[in-house]
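Notes to accompany the following structure.
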Amino acid sequence: AASCADSGVEELVPLLDSATNTMNRIVHRLRPPILDIKGFPEAARWLVDHLAVRSGLESRIAIDEDIGAVPQDVSTCLFAVLREALSNVIRHSHADSVTVTFAVEIHHWILTVTDDGAGFDQSRIAVENGVGMIDIRERINVLDGRVRWTSAPGDGTTLAVLIPFR
């Protein structure tokens, strides 16, 4: 009886290893170690570069040199918003390029993501708010921030996020 139990356990080990590896990959994609080690600006550069290589999009990122330290809750929020925004560009915009900026202006952190893609009719935004847009809005609201999409069919899209200092 012991040998049957042992063989069952032996069969589970590769499955558990595979599940653990998969979980670690997912966790690192959601919150890569670079976010904690080097902060949001470097994590943003890494994400833009990583997604550009994967998608073939031409990408540019500009980060103010005087950003200073960004609190962990703000970094986590901005990273999730940037990941969702870039994912939306890749999945929906049919863009050739994307530009990301991160700046400080009058007691706010400002993140913008601009693509040269298909754009959309802003009058439809209230009717067709996608899950990604809702997720972005909810994340920014938690930090008392503001979010704005600017777009028109054929003119690309810009997402602008403002988060106040605290």
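Residues take their numbers from the sequence shown, with the count starting at 1. Treat the numbers as computed from the prediction; the structure is a model and nothing was measured.
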Start with the C-alpha distance between L86 and L82, add both sets of side-chain angles, then the distance that settles side chain to side chain contact (heavy atoms under 4.5 Å, CB included), and finish with yes or no.
-> CA-CA 6 Å; L86 292 172; L82 179 58; 3.8 Å; yes
Please find the pair of heavy atoms, one from [X] and one from [Y], that lie closest to each other, and give the distance.
| X | Y | result |
| --- | --- | --- |
| L162 | I140 | O-CG2, 4.3 Å |
| A103 | D64 | CB-OD2, 3.2 Å |
| E42 | I34 | O-CD1, 3.8 Å |
| P164 | L143 | CD-O, 3.6 Å |

Any donor-acceptor pair under 3.5 Å from [X] side chain to [Y] backbone:
| X | Y | answer |
| --- | --- | --- |
| S151 | G156 | yes |
| Q122 | W149 | yes |
| S87 | R83 | no |

Indicate the ring-plane relationship of F79 and W46, choosing parallel, tilted or perpendicular according to the 30° and 60° boundaries.
->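 If you compare the ring of F79 with that of W46, the planes turn out parallel.
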Can you tell me how far apart [atom1] ([X]) and [atom2] ([Y]) are? Round to the nearest 0.5 Å.
| X | Y | atom1 | atom2 | answer |
| --- | --- | --- | --- | --- |
| T157 | H92 | OG1 | NE2 | 11.0 Å |
| D115 | E58 | CG | CD | 12.5 Å |
| Q72 | D36 | CD | CG | 5.5 Å |

Sequence-distant partners of R91, salt bridge (charged side-chain N to carboxylate O under 4.0 Å, His left out), two or more places apart |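 Only E84 meet the salt bridge (charged side-chain N to carboxylate O under 4.0 Å, His left out) criterion with R91.
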R166: what forms a salt bridge (charged side-chain N to carboxylate O under 4.0 Å, His left out) with it, not counting sequence neighbours?
->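 By the salt bridge (charged side-chain N to carboxylate O under 4.0 Å, His left out) rule, R166 matches D73.
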For R146, does the CZ atom have more than 12 heavy-atom neighbours from other residues, nucleotides or ligands under 6.0 Å away?
->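 No - once you tally the heavy atoms of other residues, nucleotides and ligands closer than 6.0 Å, there are 12 at most.
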Carefully, step by step, assess V81 and L159 under the rule side chain to side chain contact (heavy atoms under 4.5 Å, CB included).
-> CA-CA 10 Å; V81 166; L159 165 67; 4.2 Å; yes
Flag side-chain contact, heavy atom, 4.5 Å: F40 against I67 =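 The answer is no, as the side chains (C-beta and beyond) never meet within the 4.5 Å cut-off.
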So do L51 and L57 actually touch side chain to side chain, heavy atoms under 4.5 Å?
->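 They are not in contact (no side-chain heavy atoms under 4.5 Å apart), so the answer is no.
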N141: what forms a side chain to side chain donor-acceptor pair (under 3.5 Å) with it, not counting sequence neighbours?
->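 With sequence neighbours excluded, N141 shows a side chain to side chain donor-acceptor pair (under 3.5 Å) to no residue whatsoever.
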Linking Ile, Leu, Val, Met, Phe, Trp and Tyr by side-chain heavy atoms under 4.5 Å, what else ends up with V53?
->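 None; V53 is a cluster of one.
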Distance-only check: which donor-acceptor pairs under 3.5 Å involve side-chain atoms of residues 107-114, not counting sequence neighbours?
{"from": "H108", "atom 1": "ND1", "to": "I106", "atom 2": "O", "distance (Å)": "2.9"}
{"from": "T112", "atom 1": "OG1", "to": "T101", "atom 2": "OG1", "distance (Å)": "2.2"}
{"from": "T114", "atom 1": "OG1", "to": "T158", "atom 2": "OG1", "distance (Å)": "3.1"}

Start with the C-alpha distance between F165 and V104, add both sets of side-chain angles, then the distance that settles side chain to side chain contact (heavy atoms under 4.5 Å, CB included), and finish with yes or no.
-> CA-CA 10 Å; F165 293 172; V104 172; 3.3 Å; yes
Any salt bridge (charged side-chain N to carboxylate O under 4.0 Å, His left out) pairs touching residues 151-162, not counting sequence neighbours?
->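 Every candidate salt bridge (charged side-chain N to carboxylate O under 4.0 Å, His left out) pair involving residues 151-162 fails, so no pair, neighbours aside, qualifies.
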